[in-house]
2 protein chains.
Amino acid sequence: MTEMKRPVTIQDVAREAGVSTATVSRVMSNPGIVAATTRAAVEEAIARTGYAVHHSARNLRRQRTGSIVALVPNLANPFFSQILSGVSATLSPRGYHLLIADTQNGPQAGGQLLHYLGHGVADGLILFDGTVERAHLAPGAGDRPLPPMVIACEWMEGLALPNVRVDNAAGARLAVAHLAGLGHRRIGHITGPAGNVLTEARIAGTRAALAQAGLETREAWFFAGDFSLDSGAFAAREWLAMAERPTALFCASDEMAAGFIGAVQAAGVEVPRDVSVVGFDNIEIAAHLTPPLSTVRQQRTTIGVEAARMVLGCIDGTVTGAPELVLPVELIARRSSAAPAA
Amino acid sequence: MTEMKRPVTIQDVAREAGVSTATVSRVMSNPGIVAATTRAAVEEAIARTGYAVHHSARNLRRQRTGSIVALVPNLANPFFSQILSGVSATLSPRGYHLLIADTQNGPQAGGQLLHYLGHGVADGLILFDGTVERAHLAPGAGDRPLPPMVIACEWMEGLALPNVRVDNAAGARLAVAHLAGLGHRRIGHITGPAGNVLTEARIAGTRAALAQAGLETREAWFFAGDFSLDSGAFAAREWLAMAERPTALFCASDEMAAGFIGAVQAAGVEVPRDVSVVGFDNIEIAAHLTPPLSTVRQQRTTIGVEAARMVLGCIDGTVTGAPELVLPVELIARRSSAAPAA
DNA sequence: TCGACTCTTGAAATCGATTTCAGACTCGGC
DNA sequence: GCCGAGTCTGAAATCGATTTCAAGAGTCGA
């Protein structure tokens with residue numbers, strides 16, 4: 001048919017249809033202002049040539065890129081896959097692409113970030129990592145206006161950035177209150193990684209709920225974890241070696257809860273007969289574990305959807321300032337938590 | 001300091017340094033050919049103005065985009081997160097961005113794909129979804145040369161596309177041989193979604209291994225699943241209702257294995273005492289389940305890394321034709337499989 | 001002292017689409 | 001028959017960087 005060499009440009013279409021490139025462009029982006037007959041001719045030419053707009057060219061002229069970048073601390077962590085799915089589902093219908101950057105938990109996150117900011121790489125940014133150095137975020141750093149940016153899941157104290165998160169402290173309180181309500185008097189906690197805002201919020205919620213229930217807050221019952229399966233299993237070893245064990249544990253992530261349960265059950269301890277466990281996240285497998293895991297549900301898809309909406313809102317100006325959206329959490333009682341043995 | 005209005009362009013830097021834009025450009029992309037003193041002046045000017053190259057402009061001129069798109073069937077599936085992590089880790093140091101498109105398992109995958117092909121959106125494409133309509137992939141469809149493309153995890157029979165995958169049939173054979181070796185005579189299989197190439201390869205491997213071991217291949221013992229936890233639990237209900245049950249099951253995914261085990265254990269059946277189970281994938285939680293899950297290990301990060309390398313190779317011409325890389329798998333025997341009860 | 005060469009550098013064309021600006025044309029009303 | 005308003009269209013400028021081409025400045029040997 002036509003030559004298959006060089007990709008067809010708007011010039012080719014214009015020539016083919018006997019009009020100017022301006023008209024072709026109008027047919028594509030604002031058909032209404034083009035006369036019906038002309039439009040038909042152009043559309044016919046487009047179809048015949050198989051023309052497709054060249055994004056780089058359009059982006060250059062329009063001064064936008066059509067993509068949003070999501071900065072995640074660790075892409076391998078399945079926790080983010082569902083969130084990103086929500087982001088993607090929101091972005092696609094609005095014509096935006098999703099660019100993913102994995103900071104690999106590294107301190108070079110700042111560098112990564114700088115790379116994306118103001119370089120015309122993306123129109124907006126969703127930050128899922130609260131450990132980025134503040135210096136990089138302060139407007140004026142590098143002398144260049146920063147693109148719209150929202151921070152999701154995590155947040156940064158004292159930094160006025162649009163934000164989507166769940167009510168972490170409330171989740172912790174729900175979990176601990178649940179355990180206390182079952183009759184547990186000795187309740188422990190496996191924490192997230194030190195320094196993380198989520199970790200701190202959940203610890204704070206745990207302490208608050210313990211105090212409210214009039215229970216002891218024993219520091220030895222706070223096991224240091226990092227959200228991972230292995231850190232849960234590690235905490236289990238500490239717990240097993242302990243003289244005076246807590247009878248119930250609230251874990252800051254479902255993965256740690258699963259790691260803990262797996263390890264204690266391998267040691268012959270039974271859940272929930274010997275120890276009750278509550279997780280956080282409600283990952284999909286939680287309901288299928290043995291025993292099914294009681295947990296605090298966090299709607300990950302919704303987080304992604306709302307974060308994406310928020311950036312888009314910032315971009316088109318319908319969202320201004322630094323709104324904060326705190327999503328509710330919910331306790332899901334399953335079989336891993338029960339009244340303590342008499 | 002300087003005005004904070006408009007982002008600084010290469011023109012500004014050129015003016016600041018008293019050179020032409022050509023020289024500034026050379027300093028950035030090929031410093032060697034610029035005189036040392038001039039180069040220093042330009043670098044100084046770049047630092048002073050905080051200049052950063054505008055990607056759309058560069059891309060337009062260079063006729064590349066600097067990004068690779070990964071088309072995944074379902075981003076919410078954590079199976080892909082580790083693969084994508086490998087892709088990202090390989091792409092970043094080479095200066096490429098990772099663009100992610102979620103086809104949402106929909107038939108519109110073709111449309112999605114078309115959107116990315118030849119539109120100057122990406123320099124290459126990694127396809128993790130084998131269900132794309134072939135018509136969209138045939139070079140010449142739409143009259144435009146297709147960008148480099150590799151298909152990973154899955155593949156398409158009779159389509160000569162660069163390909164990275166694991167040896168699925170061998171994995172199935174390993175699993176079944178392992179169960180047969182333990183003494184099981186009645187071995188069943190929970191399959192993946194119908195029509196999927198992975199499903200078919202694993203079924204074929206299962207049948208081959210059963211035949212080789214001289215065991216019966218009973219159709220009733222092939223449970224239809226779709227890789228999901230719930231489908232594993234569903235198969236468990238069928239299995240429980242069965243008069244003559246297989247004593248061992250090979251599941252085409254760890255998630256189905258976990259769903260199966262969770263459901264039968266909830267019904268009072270013990271694993272591996274009453275039934276042995278082997279999964280496929282070796283997802284991270286497999287080792288922490290109760291009992292720890294025996295499975296066929298599939299190196300997901302490696303798949304991502306190799307797929308990314310392959311596209312990059314196609315782009316820079318070091319890879320030609322349609323190479324196929326079949327990664328080995330490995331059986332990991334844990335506690336969910338044991339000799340059948342006497 | 002005069003080419004022949006190399007080394008640097010800048011002017012200008014280029015990538016492909018969008019958009020402004022103004023011109024051409026139509027139509028209705030007076 | 002003329003004028004103004006309204007419609008539609010094309011020429012050309014523009015987005016910001018890269019790269020070709022050629023020219024100017026030295027260098028070196030004969």
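Order of the sequence lines fixes the chain letters, A, B, ..., with proteins taken first and strands second; residue numbering starts at 1 for each chain.
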[X] bridged to [Y] by N-O distance under 4.0 Å:
{"X": "B/E44", "Y": "B/R48", "answer": "yes"}
{"X": "B/E154", "Y": "B/R165", "answer": "no"}
{"X": "B/D316", "Y": "B/R94", "answer": "yes"}

At under 4.0 Å, does any side-chain N or O of [X] touch on OP1 or OP2 of [N]?
{"X": "A/Y51", "N": "C/dG16", "value": "no"}
{"X": "A/T9", "N": "C/dG16", "value": "no"}
{"X": "B/T23", "N": "C/dG10", "value": "yes"}

So what does [X] touch, heavy atoms closer than 4.0 Å: a base, only the sugar-phosphate, or nothing?
{"X": "B/A22", "answer": "base"}
{"X": "A/V24", "answer": "nothing"}
{"X": "B/S25", "answer": "base"}

Between [options], spot the one nearest the side chain of [X], thanks.
{"X": "B/T38", "options": "D/dA17, C/dT9, C/dT18", "answer": "C/dT9"}
{"X": "A/A57", "options": "C/dT19, C/dG16, D/dG10", "answer": "C/dG16"}
{"X": "A/L60", "options": "C/dT9, D/dG16, C/dA17", "answer": "D/dG16"}
{"X": "A/V19", "options": "D/dG10, C/dT8, D/dG16", "answer": "D/dG10"}
{"X": "A/A35", "options": "D/dT18, D/dT9, C/dA17", "answer": "D/dT9"}
{"X": "B/R61", "options": "C/dT18, C/dG16, D/dT18", "answer": "D/dT18"}
{"X": "B/Q63", "options": "C/dG16, D/dC15, C/dT9", "answer": "C/dG16"}

In this structure, how many angstroms lie between the [atom2] atom of [N] and the [atom1] atom of [X], rounded?
{"X": "A/N30", "N": "D/dT9", "atom1": "CG", "atom2": "P", "result": "12 Å"}
{"X": "B/I33", "N": "D/dT18", "atom1": "CD1", "atom2": "P", "result": "12 Å"}
{"X": "B/R64", "N": "D/dT18", "atom1": "CZ", "atom2": "P", "result": "11 Å"}
{"X": "A/R58", "N": "D/dG16", "atom1": "CZ", "atom2": "P", "result": "18 Å"}
{"X": "A/N59", "N": "D/dA17", "atom1": "CG", "atom2": "P", "result": "15 Å"}
{"X": "A/I10", "N": "D/dT9", "atom1": "CD1", "atom2": "P", "result": "15 Å"}
{"X": "A/H55", "N": "C/dA17", "atom1": "NE2", "atom2": "C1'", "result": "11 Å"}
{"X": "A/R26", "N": "D/dG10", "atom1": "CZ", "atom2": "P", "result": "8 Å"}

Side-chain H-bond candidate by donor/acceptor type, B/D12 with B/T49, under 3.5 Å: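 Distance-only check fails for B/D12 and B/T49.
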Minimum-distance pair of heavy atoms, taken over all atoms of B/S88 and B/P93: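 Looking at all heavy atoms of both residues, the closest pair is O-CD, 4.4 Å.
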A/C153 and A/I83, any side-chain heavy atoms less than 4.5 Å apart: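 Result yes, sub-4.5 Å side-chain heavy-atom pair found.
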Which residue lies more 5' along DNA chain C, comparing B/R62 with B/A36 via nearest heavy atoms: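 Its nearest nucleotide lies further toward 5', so the answer is B/A36.
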